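Worksheet for the structure shown next.
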Amino acid sequence: MENKVGKKANLTIIFLAMLIFSVTIYCAKTINEENIIILLSLICVATWVCIGLNFRKGNIKSSEMLRRDIKENYIVGNTLKNEDNVLQSIFQEDECRVTMLKKAMEATVMLLDRENSILGTAVFINNEGNLLANGYKLNKDGNLVQFECGDRLYCKFYNSDKTIEGIVEKVFKDKEGNLFSMISISLNDYTKYLSLGDSNDLGIGNKVYAVCPFEENRNINVVEGIVAQINQEYKIGSDNIFKSNNCILYNGIATKASLGGPLLNVRGEIIGLLLGKCEDYERLSFAISINNIKDIINNETSDSVIDEVALDKSIV
């Protein structure tokens with residue numbers, strides 16, 4: 001296409017040059033005002049025609065160069081080279097997210113009693129066999145009952161029917177008086193645990209992941225949600241057994257069994273502990289900010305720990 005246009009442009013320019021040359025010779029023989037006007041008009045027309053042809057030629061050449069550049073640098077066969085990079089980037093992001101969520105599920109356990117009834121959920125926060133859980137458990141009637149130090153329970157892991165016995169080592173409270181517990185379990189070099197994040201980095205519209213069991217399949221699941229509100233007030237029960245002004249409201253399904261499960265940010269850090277479904281809104285759930293108890297977990301002051309037992313983990 002480029003060569004054909006170039007040849008036509010060159011032939012047109014030669015023809016115009018010959019025409020102007022002939023008219024110039026004629027005008028030189030019979031010089032008058034009318035001939036001079038005709039000559040100038042022909043020169044103007046020829047100039048504009050040449051400019052137009054060269055502009056078109058340059059545009060087609062540029063577009064051909066662009067197509068050639070795309071073909072050489074971006075296309076292999078019928079596939080865009082940079083499409084591979086985009087797909088690879090998406091795949092890597094998706095692979096990292098899947099890996100993170102799988103680790104979160106493996107670091108979360110379902111708490112059961114001797115009759116195999118679900119008591120709640122807990123999550124490993126270090127590689128020493130320490131599980132963080134709510135300070136309350138579900139009884140057979142579905143009501144909340146406080147954990148006591150020394151309570152023995154059974155931990156069911158993700159995608160496994162095997163349970164391992166654990167014991168409530170500590171019960172502590174946050175600044176609002178809400179109770180939490182630390183459960184110890186004897187595991188050798190179990191490295192699946194989650195780090196504590198910063199709830200203050202969370203904003204409305206951020207994506208979060210709730211890791212919790214469902215009664216239907218009795219396994220650890222992940223529910224993706226979006227933060228609807230932060231620093232919300234939440235109460236459990238008419239007697240306010242659990243009350244906080246620093247809760248995270250997100251759109252996600254939660255069951256009673258999710259009590260104590262981790263709420264994660266996109267980096268897989270714990271930014272809240274699940275409390276349950278919001279009674280006022282059908283598809284909204286609550287989690288208490290991890291910042292409420294993060295300092296207590298790290299420092300474990302005597303004022304916050306209200307009960308604890310000394311454990312020999314080798315015999316748990």
Side-chain angles (χ1 to χ4, degrees), residues 94-138 142 144 147 151-168 180-197 207-226 248 250-277 283-288 290:
D94 190 62
E95 187 180 31
C96 290
R97 183 164 57 93
V98 169
T99 302
M100 178 268 288
L101 293 178
K102 184 180 179 182
K103 176 187 175 184
M105 289 189 288
E106 292 174 344
T108 305
V109 301
M110 188 183 344
L111 303 177
L112 306 172
D113 62 13
R114 292 182 180 276
E115 286 75 33
N116 213 30
S117 298
I118 300 177
L119 303 175
T121 310
V123 57
F124 283 101
I125 57 172
N126 55 42
N127 60 355
E128 300 174 0
N130 291 325
L131 288 154
L132 177 63
N134 200 284
Y136 301 92
K137 60 184 177 180
L138 295 169
L144 296 180
F147 270 125
D151 282 351
R152 292 186 176 271
L153 41 77
Y154 298 90
C155 302
K156 183 178 182 295
F157 289 74
Y158 168 67
N159 267 357
S160 175
D161 293 329
K162 183 180 179 181
T163 59
I164 299 179
E165 188 179 37
I167 186 169
V168 178
F180 300 89
S181 60
M182 192 71 69
I183 298 170
S184 292
I185 187 171
S186 180
L187 285 174
N188 295 325
D189 300 324
Y190 190 75
T191 58
K192 304 293 184 180
Y193 67 92
L194 302 181
S195 301
L196 304 181
K207 186 179 293 186
V208 290
Y209 301 96
V211 187
C212 56
F214 289 164
E215 288 89 341
E216 294 81 3
N217 62 7
R218 298 181 68 86
N219 200 1
I220 303 299
N221 302 271
V222 173
V223 178
E224 184 178 286
I226 301 295
I248 302 163
Y250 68 98
N251 67 331
I253 301 172
T255 63
K256 288 186 176 181
S258 66
L259 183 69
L263 184 69
L264 312 179
N265 58 19
V266 292
R267 295 186 296 275
E269 300 169 331
I270 303 173
I271 44 87
L273 285 186
L274 303 177
L275 295 176
K277 181 180 176 182
R283 294 186 63 85
L284 295 179
S285 302
F286 274 103
I288 189 167
I290 196 65

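Computed from a predicted model, the values in this text were never measured in an experiment. Each residue takes its place number in the sequence, starting with 1. In what follows, every heavy atom counts, from backbone to side chain, and hydrogens, waters and symmetry copies are set aside.
Put simply, the side chain of K156 gets close to the backbone of S160: a donor and an acceptor are under 3.5 Å apart. T121 contributes a side-chain N or O that, together with a main-chain N or O of A257, makes up a donor-acceptor pair within less than 3.5 Å. Looking at N251, its side chain never comes within 3.5 Å of a backbone N or O of G225 through a donor-acceptor pair. Using a distance-only test at 3.5 Å, with no hydrogens or angles considered, no donor-acceptor pair links the side chain of S195 to the main chain of E269.
Closest approach of G197 to I290, counting heavy atoms only: O-CG2, 3.6 Å. M182 approaches I125 most closely through the heavy-atom pair CE-CD1, 3.8 Å. The minimum heavy-atom distance between R114 and Y154, with the atom names listed, is NH1-OH, 3.0 Å. A pairwise comparison of heavy atoms in L264 and M100 identifies CD1-SD, 4.4 Å as the closest pair. For the pair I118 and L138, the tightest heavy-atom approach, listed with the atom from each and the gap, is O-CB, 3.8 Å. Nearest heavy-atom pair, N130 versus S184, reported as atom, atom and distance to 0.1 Å: OD1-OG, 3.4 Å.
Taking SG of C212 as the start and CG of N219 as the end, the distance is 11.0 Å to the nearest 0.5 Å. Atom CG in N126 sits 10.0 Å away from atom CG in L132 (nearest 0.5 Å). Between I185 atom CD1 and T163 atom OG1 the span is 9.0 Å, to the nearest 0.5 Å. The distance from atom OH of Y158 to atom NZ of K102, rounded to the nearest 0.5 Å, is 7.0 Å. Taken from CG in L274 to CD1 in I288, the straight-line distance is 11.5 Å, to the nearest 0.5 Å. The distance from atom OH of Y209 to atom CG of L263, rounded to the nearest 0.5 Å, is 11.0 Å.
Between L275 and N134, the closest side-chain pair of non-hydrogen atoms falls below 4.5 Å. In this structure the side chain of V109 reaches within 4.5 angstrom of the side chain of L131, judged on heavy atoms. Here the side chains of V208 and I248 are not in contact, with every heavy-atom distance at 4.5 Å or above.
Scored by the side chain to side chain contact (heavy atoms under 4.5 Å, CB included) test, L153 finds L111, L119, F147, C155, V168, I183 as partners (sequence neighbours excluded). Here R218 pairs with nothing under the salt bridge (Lys or Arg N to Asp or Glu O under 4.0 Å) rule; sequence neighbours left out.
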Requested in this report: Apply side chain to side chain contact (heavy atoms under 4.5 Å, CB included) to the pair F214 and V223, showing each step before the final yes or no.
Outcome: CA-CA 11 Å; F214 289 164; V223 178; 3.6 Å; yes
Report task. Before giving the answer on side chain to side chain contact (heavy atoms under 4.5 Å, CB included), spell out for E106 and F157 the whole-Å C-alpha distance, their side-chain angles and the decisive distance to 0.1 Å. Result -> CA-CA 7 Å; E106 292 174 344; F157 289 74; over 6 Å; no
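Here D113 does not pair with K137 in a salt bridge; the nearest charged N to carboxylate O distance is not below 4.0 Å.
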